[in-house]
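Below is one structure; the comments refer to it alone.
Note that these values count all heavy atoms, side chains included, but never hydrogens, waters or copies made by symmetry.
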Amino acid sequence: MTSTTPKSPLAALSGLVCFVLVVGGASGLLHEWFGWIHFMGFVRFLAPDGYEIYSYVIMIVLGLAVGAAGDAVTRRGRG
């Protein structure tokens, strides 16, 4: 079912940031480990040289945290 309550701009922005960080971090890890195609190549500019693996893991964790925070804000606004 679809919700009739409009989504707040903050929830939409947090969802976008969550998606970019999680998919970019996972793409970076796959590229580092297996040499696969770099789906979101711009995230390589966020990772310092020599710390790519750590940076991509942090991106994934941060993306999940932003997504959870955005979901919590959305749920709090409904109640």
Distance-only check: which donor-acceptor pairs under 3.5 Å involve side-chain atoms of residues 9-18, not counting sequence neighbours?
residue: S14; atom: OG; partner: L10; partner atom: O; Å: 3.3
residue: S14; atom: OG; partner: A11; partner atom: O; Å: 3.0

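- Scanning all heavy atoms of the two residues, the minimum distance from P48 to L46 falls at CD-O, 3.6 Å.
- Applying the salt bridge (charged side-chain N to carboxylate O under 4.0 Å, His left out) test to residues at least two apart or on different chains, none of the pairs has a partner in residues 20-43.
- Annotation: side chain of V22 is in contact with side chain of L64 (closest heavy-atom distance under 4.5 Å).
- Considering only residues two or more places apart in sequence or on other chains, F34 meets the ring-ring contact (aromatic ring centres under 6.0 Å, His included) condition with W36.
- Cluster annotation: F45 is not connected to L30 through the hydrophobic network of ILVMFWY side chains, with a link wherever side-chain heavy atoms come within less than 4.5 Å.
- Applying the under-4.5 Å side-chain rule to Ile, Leu, Val, Met, Phe, Trp and Tyr, the cluster around I58 consists of that residue alone.
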Note to self: Please determine whether side-chain contact (heavy atoms from CB on, under 4.5 Å) holds for the pair F19 and V66, giving the CA-CA distance in whole Å, both sets of side-chain angles, and the decisive distance to 0.1 Å.
What the structure shows: CA-CA 10 Å; F19 175 78; V66 167; over 6 Å; no

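- Between I53 and L29, the closest heavy-atom pair is O-CD2, 3.9 Å.
- Residue pairs meeting the side chain to side chain donor-acceptor pair (under 3.5 Å) criterion with at least one member in residues 42-71, sequence neighbours excluded, are D71-R75.
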